[in-house]
Q: 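Structure below; questions to follow.
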Amino acid sequence: MRATKSLIRQAHFLGTKIRNIRKRNNLTMDDLSTRCVRVDPEAAPSVSYLSMIERGKRVPSIDMLETIASVFQKDIDWFLDDEPEPEAITPVKSRTQGGLLGMALEPSFLFSNDILQIALPELLSQTGVSGQQFAHLLIRAYQEHHQNHFPDLERAAEAVGQKRMPLSVEDLMVLAEAQGLSIRWFTRPASGVVDGLGVYSQNIVSSYMEPPGVLFLNEVLRAYPTRLKYELAVYIGHCVLHSKDGYYSVKSVGGSHGDRFDRQGQVQAEQSAVDAQDILQAWRSFESSFFAGALLCPRVPFRQLLERHGYEVSVHQHVGVSASVAMRRMTAVSPYTHWHYFDAYAPGKLKAVYRGNGIPLPWGNMRSLENPCQQWAVFRKMTDQQIGSLAQISVLMVAGEPRIFCCESVRVADMAGNDHVLCAGIDLNPALEAQGVDALAMAEALKTQCAVSGGVAQIPKNLRDELARVAKILNINWISRGVQVDAQLICVRGGECPRQPACYGACGGSAN
């Protein structure tokens, strides 16, 4: 057993090492304390004691240090050597500033606010992009640039819900009435519509609001309490944030991202001209939706719940919310910032997307591609008949560099009866780099192995061990499941397939 005096002598280096490795992994002291409790409740440090350890004011016991070492998958000797901690290995923020590639625009005076406000409507009109589409693109870029962190909206939701979790339908009814909403019910079944991408789906009007504050809810919602809670939370958010003003009042289930429906459930034609009101209404809709997630899954309690359950998708059952709400909130509350989230309907249309890690898309929510790569987990899950979720390790070229991703996909049905796939995933390169691993070299080796093996290959043992270690550090169970199956080489378009031989023909097209 190592002598306690060794700990005392090295208290300064020890505290610095613990602080640096904690920050490298984007954990707060509260996060680390919680993780330690899961490992050994008796030896876990409190937040205040951990603070003193990091400042060299206190020395942890051997048991406590072993608990901290277990969280970071390090040997205790790493903390006790005589070497000071080198400069922290901090993953740099994605060069794409979230999910969208940026570029320097010169001469800059041509891109002033006044000039852009004149030029953009004409540009969009000539390219056929509607005001609704442009609004959603702007919001997505803003959301991804800020890595899905909106503390003002979080605080507004917490002020209303008092960080209670779970909230029942009755709780939300009370909160809605406290905001001056009068609730009435109507009956309207689902009907078939052709959405903005020309794809048939079932659609149902779920709710709408009439001034000054009458909220109409479809009777069908009574059989879908998670959807009912979400819609109530959205309208509560609208009342709190926007005083019930200027909100597009019809909510529906079905259709593609950005489609608008009238109260009969029919798609409204998009305006060719850019309407400033479209952008304002789309932004308020986003704010209300984010508020709803924060109200139903408040940051701290929900993050602690995710930690206890290893970020399993099934955690939504413990909160009484839909899998969609829970998976979207993962991207907002996790200490790890490199997430993505898709909500996809066959044959390849997006209902929602978030790309905090810059992952390119095999399709878009403004257009539908004829030959997207079918090896993406979200597409494989669309045709997978097995019950449960699908974990997958994927290799994808991003900006000329191979990157390793892991995701968890689950197929669900919406209230109108349409099947769709929810997918939450992370970019593993920054997590590997945070542990001092050459992530690009490992990704390149895995890419090469997959390419010459028909696109699918067993993960090499050295990488599998590193990914298993990262899974424990991030506390995400589905990474551990993903490394147990073969990795998939994926691309954006079938025509750019890197597999040998290429699977372009199998992706829905024909070889060039």
Q: Please examine the side chains of Leu361 and Phe342, heavy atoms only from C-beta on, and report whether any two atoms are closer than 4.5 Å.
A: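 Side chain of Phe342 against side chain of Leu361, heavy atoms only: contact under 4.5 Å found.
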Q: Between Trp283 and Phe286, is the ring centre distance below 6.0 Å?
A: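 Yes - the distance between ring centres of Trp283 and Phe286 falls below the 6.0 Å cut-off.
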Q: Tell me, do Val319 and Leu305 make a side-chain contact under 4.5 Å, heavy atoms counted?
A: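 Side-chain contact under 4.5 Å: yes.
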Q: Between Cys407 and His340, is there a side-chain heavy-atom distance shorter than 4.5 Å?
A: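 Yes; the side chains approach each other to less than 4.5 Å.
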Q: Please lay out, stage by stage, how Val71 and Val39 fare under the test side-chain contact (heavy atoms from CB on, under 4.5 Å).
A: CA-CA 8 Å; Val71 170; Val39 175; 4.1 Å; yes
Q: Start with the C-alpha distance between Asn148 and Thr337, add both sets of side-chain angles, then the distance that settles side-chain contact (heavy atoms from CB on, under 4.5 Å), and finish with yes or no.
A: CA-CA 9 Å; Asn148 218 16; Thr337 57; over 6 Å; no
Q: Just by distance, do the side chain of Ser33 and the backbone of Met29 share a donor-acceptor pair under 3.5 Å?
A: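 Pair absent, no side-chain N/O of Ser33 close to backbone of Met29.
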Q: Taking only Lys NZ, Arg NE, NH1 and NH2, and the carboxylate oxygens of Asp or Glu, determine whether Lys23 and Glu54 approach each other closer than 4.0 Å.
A: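 Not counted as a salt bridge, because no side-chain N and carboxylate O are separated by less than 4.0 Å.
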Q: Are any of the side-chain heavy atoms of Trp376 and Gln488 separated by less than 4.5 Å?
A: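 They are not in side-chain contact.
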Q: Search all heavy atoms of His316 against all heavy atoms of Ala326 and return the closest pair with its distance.
A: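 In terms of heavy atoms, the two residues are closest at CB-CB, 3.5 Å.
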Q: Taking Glu401's backbone N and O only, do any of them form a donor-acceptor pair with Lys447's side chain (distance below 3.5 Å, no angle check)?
A: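 No: the side chain of Lys447 does not pair with the backbone of Glu401.
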Q: I need the Ile139 CD1 to Ser285 OG distance, nearest 0.5 Å.
A: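 Ile139 atom CD1 to Ser285 atom OG measures 7.5 Å (nearest 0.5 Å).
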Q: Validate the cation-pi geometry between Arg303 and Tyr311: distance from NZ or CZ to the six-membered ring centre under 6.0 Å, angle to the ring axis within 45°.
A: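 No cation-pi geometry.
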Q: Ignoring hydrogens and angles, tell me if any N or O in the side chain of Asp31 forms a donor-acceptor pair with the backbone of Thr28 under 3.5 Å.
A: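 A pair under 3.5 Å: yes.
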Q: Looking at every heavy atom in both Val395 and Ala443, which two are closest together, and how far apart are they?
A: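 Answer, listing the atom of Val395 first, then Ala443: CG1-O, 4.0 Å.
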Q: Can you tell me how far NZ of Lys381 sits from CG of Asp419, rounded to the nearest 0.5 angstrom?
A: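 The NZ atom of Lys381 is 11.0 Å from CG of Asp419, to the nearest 0.5 Å.
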Q: Quick one, Tyr345 and Met382 - any side-chain contact, counting heavy atoms below 4.5 Å?
A: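 The answer is no; the side chains never approach within 4.5 Å.
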Q: Closest heavy-atom contact between Ala391 and Val485?
A: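 Ala391 and Val485 have their closest heavy atoms at O-CG2, 4.0 Å.
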Q: Specify the closest pair of heavy atoms between Thr67 and Cys36, including all atoms of both residues, with the distance to one decimal.
A: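 Of all heavy-atom pairs spanning Thr67 and Cys36, the closest is CG2-O, 3.6 Å.
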Q: Looking at Arg55, is its backbone amide N or carbonyl O close enough to the side chain of Arg19 to form a donor-acceptor pair, meaning the two atoms are under 3.5 Å apart?
A: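 Side chain of Arg19 to backbone of Arg55, a donor-acceptor pair under 3.5 Å: no, none is there.
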Q: Between Lys229 (side chain only) and Leu167 (backbone N and O only), is there a donor and an acceptor less than 3.5 Å apart?
A: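 Pair found, side chain donor or acceptor close to backbone of Leu167.
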Q: Return the NE2 to CG distance between His338 and Asn357, rounded to the nearest 0.5 Å.
A: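 That separation rounds to 8.0 Å.
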Q: Could you go through the side-chain contact (heavy atoms from CB on, under 4.5 Å) check for Ile479 and Ile426 one step at a time?
A: CA-CA 9 Å; Ile479 301 177; Ile426 64 170; 3.5 Å; yes
Q: Less than 4.5 Å apart, any side-chain heavy atom of Phe405 and any of Ile393?
A: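 No, every pair of side-chain atoms sits at 4.5 Å or beyond.
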Q: Tell me, with the steps shown, if His136 and Phe134 meet ring-ring contact (aromatic ring centres under 6.0 Å, His included).
A: CA-CA 5 Å; His136 288 292; Phe134 183 56; over 10 Å; no
Q: Begin from the C-alpha positions of Ile18 and Phe79 and carry the test side-chain contact (heavy atoms from CB on, under 4.5 Å) through to its verdict.
A: CA-CA 8 Å; Ile18 293 174; Phe79 294 91; 3.9 Å; yes
Q: Quick one: sort the Tyr142 and Phe150 rings into parallel, tilted or perpendicular, breaks at 30° and 60°.
A: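 Aromatic pair Tyr142/Phe150 classed parallel.
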Q: Sub-3.5 Å donor-acceptor pair from the side chain of Arg58 to the main-chain atoms of Met52, do we have one?
A: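 Judged by distance alone, no pair lies under 3.5 Å.
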Q: Which one of Asp30, Leu32, Thr34 satisfies the side chain to side chain contact (heavy atoms under 4.5 Å, CB included) criterion with Val47?
A: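 Exactly one option meets the side chain to side chain contact (heavy atoms under 4.5 Å, CB included) with Val47, and it is Asp30.
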Q: Is any NZ, NE, NH1 or NH2 atom of the basic residue among Arg155 and Glu158 found under 4.0 Å from an Asp or Glu carboxylate oxygen of the other?
A: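 Here Arg155 does not pair with Glu158 in a salt bridge, since their nearest N and O are not under 4.0 Å apart.
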Q: Which atoms form the tightest heavy-atom contact between Ser288 and Gly237, and what is the distance?
A: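 Shortest heavy-atom separation between Ser288 and Gly237 comes out as OG-C, 4.1 Å.
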Q: Around atom NZ of Lys472, are there more than 12 heavy atoms of other residues, nucleotides or ligands at under 6.0 Å?
A: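 It does not: Lys472 NZ has 12 such atoms or fewer within range.
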Q: Between OG of Ser334 and CH2 of Trp339, what distance do you get to the nearest 0.5 Å?
A: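 So the OG of Ser334 and the CH2 of Trp339 are separated by 5.0 Å.
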Q: Are any of the side-chain heavy atoms of Tyr341 and Ser324 separated by less than 4.5 Å?
A: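 With C-beta onward as the side chain, the pair touches.
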Q: Look at the side chain of Arg329 and the backbone N and O of Cys297, then say whether any donor-acceptor pair between them is shorter than 3.5 Å.
A: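 Here the side-chain-to-backbone pair exists.
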Q: Test side-chain hydrogen bond (donor to acceptor under 3.5 Å, both in side chains) on Gln435 and Asn25; report intermediate values, then the result.
A: CA-CA 9 Å; Gln435 310 311 317; Asn25 288 280; 2.7 Å; yes
Q: Check the surroundings of atom CD in Gln458: do more than 12 heavy atoms from other residues, nucleotides or ligands lie under 6.0 Å from it?
A: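 Open: at most 12 neighbouring heavy atoms sit under 6.0 Å from CD of Gln458.
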Q: Is the closest side-chain heavy-atom distance between Arg328 and Tyr354 below 4.5 Å?
A: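 SC-SC contact between Arg328 and Tyr354 ruled out.
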Q: Quick one: pull up CE in Met397 and CD1 in Ile490 and give me the separation to the nearest 0.5 Å.
A: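 Rounded to the nearest 0.5 Å, the CE-CD1 separation comes to 12.0 Å.
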Q: Measure the CG-CE distance between Leu463 and Met442 for me, rounded to the nearest 0.5 Å.
A: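 Reported value, rounded in 0.5 Å steps: 5.5 Å.
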Q: When you look at Asp414 and His420, which way does the side-chain hydrogen bond (donor to acceptor under 3.5 Å, both in side chains) test go after all the steps?
A: CA-CA 7 Å; Asp414 65 23; His420 58 121; 4.9 Å; no
Q: Using every non-hydrogen atom in the two residues, find where Ala424 and Trp478 come nearest and quote the distance to one decimal.
A: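 Minimum heavy-atom separation between Ala424 and Trp478: O-CH2, 3.8 Å.
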Q: Assess the residue pair Gln392 and Arg380 against the criterion (side-chain hydrogen bond (donor to acceptor under 3.5 Å, both in side chains)); give the C-alpha distance rounded to whole Å, side-chain angles, the decisive distance to 0.1 Å, and a yes or no.
A: CA-CA 10 Å; Gln392 177 172 312; Arg380 293 180 62 213; 2.5 Å; yes
Q: Keeping Arg299 on the side-chain end and Ala332 on the backbone end, is there a donor-acceptor pair under 3.5 Å?
A: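 Answer holds: yes.
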Q: Please check if the side chain of Arg164 supplies one atom and the backbone of Gly161 the other of a donor-acceptor pair under 3.5 Å.
A: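 Side chain of Arg164 to backbone of Gly161, a donor-acceptor pair under 3.5 Å: yes, one is there.
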Q: So does Ile473 get a backbone contact from the side chain of Arg35, meaning a donor-acceptor N/O pair under 3.5 Å?
A: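 Yes; at least one donor-acceptor contact below 3.5 Å.
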Q: Would Asn475 and Arg38 satisfy side-chain hydrogen bond (donor to acceptor under 3.5 Å, both in side chains), going step by step from the backbone distance to the final call?
A: CA-CA 11 Å; Asn475 191 30; Arg38 294 189 62 201; 2.9 Å; yes
